[in-house]
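None of these values were measured; they are calculated from a predicted model.
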Amino acid sequence: MPQNIEIEFKNILTKEEYLRLLNDFQIDEISIFSQENHYFDTEDFALKDRHSALRIRLKKNSWEMTLKQPAEIGLLETNQILSEMEALEAIQFGRLPSGQIKVIIEEMGIPFGKLVYFGSLATRRAEAAFKKGVLVFDHSIYLNQEDFELEYEAENFQEGQEVFLQLLKNYQIPVRKTENKIRRFYRQKYNL
């Protein structure tokens, strides 16, 4: 079961800032790909209350279930590859597949059978190598809402933070409090 620590920095962008960055980093339409995130939690948001999240992502014709949990630095991601049938069973009928993620969630004291499907968020994404990390340019659409976001994925927290803040400064983009996608989705859908 692949696990990794995710260290990333995020900032919401205006559409103008987003388009300027795409232009300056020479991101064209061919470089942009689509992905869908499908979110799950209990009806009383037991995962959210533990600062965790569960999603199934469709990206480049493959399905992956990911549990994100707090870590000392960044987030611990546990990933499980799914077949299309397993993914659709979960999304359409709420039947999530067994595996290591189920074990971890139940160890958190959350009954796996109580997880329900909450909805989806579609993202048009482009990526570019930058310094020692990866810049991610996202245009997300969900619940009649759209937003633009810049992420920087790094191996080292301090170095990544310095690179990201300097990039924002160079482009005169203000640092904006930026929640992750699932929190923005829940805020829009449930005003949480």
Side-chain angles (χ1 to χ4, degrees), residues 4-29 31-41 45 47-59 64 66-77 79 118-192:
N4 63 288
I5 296 293
E6 175 186 65
I7 298 172
E8 67 179 14
F9 305 91
K10 307 169 171 287
N11 204 68
I12 288 288
L13 303 172
T14 65
K15 185 174 185 177
E16 294 73 23
E17 292 164 344
Y18 170 80
L19 293 173
R20 180 175 169 215
L21 286 166
L22 288 185
N23 183 61
D24 286 4
F25 282 88
Q26 300 177 341
I27 305 291
D28 57 18
E29 275 299 314
S31 306
I32 297 174
F33 59 92
S34 295
Q35 63 185 32
E36 295 173 15
N37 290 341
H38 300 272
Y39 299 119
F40 297 82
D41 204 332
F45 299 102
L47 285 171
K48 178 183 168 291
D49 289 347
R50 289 168 177 81
H51 306 285
S52 299
L54 180 65
R55 72 163 185 240
I56 293 177
R57 175 176 281 172
L58 172 61
K59 177 180 173 181
E64 183 176 56
T66 301
L67 175 65
K68 293 188 178 198
Q69 299 171 273
E72 194 172 314
I73 295 176
L75 294 172
L76 174 64
E77 286 190 344
N79 299 298
F118 277 97
S120 67
L121 178 148
T123 300
R124 291 175 35 83
R125 170 171 282 189
E127 298 174 348
F130 185 70
K131 307 280 182 178
K132 294 181 183 177
V134 176
L135 279 174
V136 179
F137 308 86
D138 281 348
H139 173 202
S140 296
I141 300 167
Y142 53 101
L143 305 170
N144 299 318
Q145 172 81 16
E146 73 174 346
D147 61 42
F148 302 89
E149 177 182 22
L150 179 66
E151 295 180 1
Y152 184 61
E153 298 173 359
E155 295 292 321
N156 177 284
F157 182 87
Q158 189 167 352
E159 289 176 13
Q161 186 177 44
E162 288 173 16
V163 167
F164 188 66
L165 292 175
Q166 187 60 51
L167 178 68
L168 293 178
K169 184 177 178 183
N170 291 348
Y171 278 87
Q172 299 177 335
I173 296 172
V175 175
R176 298 179 180 108
K177 183 179 182 210
T178 302
E179 296 176 311
N180 61 29
K181 287 176 183 62
I182 192 168
R183 289 201 181 269
R184 296 194 315 259
F185 174 87
Y186 283 158
R187 184 172 306 287
Q188 184 68 20
K189 187 166 185 172
Y190 300 104
N191 201 28
L192 294 175

Glu64 CD to Arg57 CZ distance, which is reported to the nearest 0.5 Å: 8.0 Å
Full working for salt bridge (charged side-chain N to carboxylate O under 4.0 Å, His left out) between Glu146 and Arg124: CA-CA 11 Å; Glu146 73 174 346; Arg124 291 175 35 83; over 6 Å; no
Assess the residue pair Gln35 and Arg125 against the criterion (side chain to side chain contact (heavy atoms under 4.5 Å, CB included)); give the C-alpha distance rounded to whole Å, side-chain angles, the decisive distance to 0.1 Å, and a yes or no. CA-CA 8 Å; Gln35 63 185 32; Arg125 170 171 282 189; 3.5 Å; yes
d(Asp147 CG, Thr14 OG1) to nearest 0.5 Å is 12.0 Å
Backbone N/O of Ser140 and side chain of Asp138: donor-acceptor pair under 3.5 Å: no
Just by modelled atom types, is the Glu179 backbone N or O under 3.5 Å from a matching donor or acceptor in the Arg187 side chain? no
Out of curiosity, Glu153 CD to Ile7 CD1, how far, rounded to the nearest 0.5 Å? 10.5 Å
Test side chain to side chain contact (heavy atoms under 4.5 Å, CB included) on Leu168 and Val175; report intermediate values, then the result. CA-CA 7 Å; Leu168 293 178; Val175 175; 4.0 Å; yes
With side chain to side chain contact (heavy atoms under 4.5 Å, CB included) as the test, would you mind laying out the steps for Tyr171 and Glu17 before giving the verdict? CA-CA 8 Å; Tyr171 278 87; Glu17 292 164 344; over 6 Å; no
Here the gap from Leu165 atom CG to Gln161 atom CD, rounded to the nearest 0.5 Å, amounts to 5.5 Å
Arg55 side chain reached by Lys68 side chain, heavy atoms, under 4.5 Å: yes
Indicate the atoms forming the closest heavy-atom contact of Leu47 with Phe40, along with that distance. CD1-O, 3.8 Å
Indicate the ring-plane relationship of Phe9 and Phe157, choosing parallel, tilted or perpendicular according to the 30° and 60° boundaries. tilted
With a 4.5 Å cut-off on side-chain heavy atoms, are Ile5 and Leu76 touching? yes
Could you go through Val134 and Phe130, starting from their C-alpha distance and side-chain angles, then the distance that decides it, and tell me whether this counts as side chain to side chain contact (heavy atoms under 4.5 Å, CB included)? CA-CA 5 Å; Val134 176; Phe130 185 70; over 6 Å; no
Does NZ in Lys10 sit with more than 12 non-hydrogen atoms of other residues, nucleotides or ligands closer than 6.0 Å? yes
A side-chain contact here means heavy atoms from C-beta on lying under 4.5 Å apart; do Gln69 and Glu77 qualify? no
Enter the distance from Lys15:NZ to Phe148:CZ here, rounded to the nearest 0.5 Å. 5.0 Å
Do Asn180 and Arg184 come close enough that some side-chain heavy atom pair is under 4.5 Å? no
Is the ring centre of Phe25 less than 6.0 Å from the ring centre of Phe137? yes
Sub-3.5 Å donor-acceptor pair from the side chain of Tyr152 to the main-chain atoms of Val163, do we have one? no
Within a strict 4.5 Å, meaning less than it, do heavy atoms of the His51 and Arg183 side chains meet? yes
Where Arg176 and Leu13 come nearest, the two heavy atoms and their spacing: NH1-CA, 3.7 Å
Looking only at heavy atoms, which two atoms of Leu167 and Leu150 are closest? And how far apart? CD2-CD2, 3.9 Å
For the side chain of Asn11 and the backbone of Pro174, is there at least one donor-acceptor N/O pair under 3.5 Å apart? yes
Examine the side chains of Asp41 and Tyr39 and answer whether a donor and an acceptor come within less than 3.5 Å of each other. no
Take the angle between the ring planes of Phe185 and Tyr142 and call it parallel below 30°, perpendicular above 60°, tilted in between. tilted
Output yes when a side-chain donor or acceptor of Thr178 lies under 3.5 Å from a complementary backbone atom of Ile12, and no otherwise. yes
With heavy-atom distances below 4.5 Å as the criterion, would you say the side chains of Leu21 and Ile173 are in contact? yes
For the side chain of Lys189 and the backbone of Phe118, is there at least one donor-acceptor N/O pair under 3.5 Å apart? yes
Between Asp28 and Ser31, the two heavy atoms sitting closest are OD1-OG, 2.8 Å
Are Lys181 and Thr123 close enough that some pair of their side-chain heavy atoms sits under 4.5 Å apart? yes
Scanning both residues in full, the closest heavy-atom pair of His38 with Ser120 reads ND1-CB, 3.4 Å
So, Asn79 and Thr66: side-chain donor and acceptor under 3.5 Å apart, yes or no? yes
Side chains of Lys48 and Tyr186: closer than 4.5 Å at any heavy-atom pair? yes
I want to know whether Tyr190 and Phe45 have ring centres closer than 6.0 Å. yes
Using 0.5 Å steps for rounding, measure from the CD atom of Glu127 to the CD1 atom of Ile32. 11.5 Å
Between the side chains of Lys132 and Glu159, is the shortest nitrogen-to-carboxylate-oxygen separation below 4.0 Å, so that they form an ion pair? yes
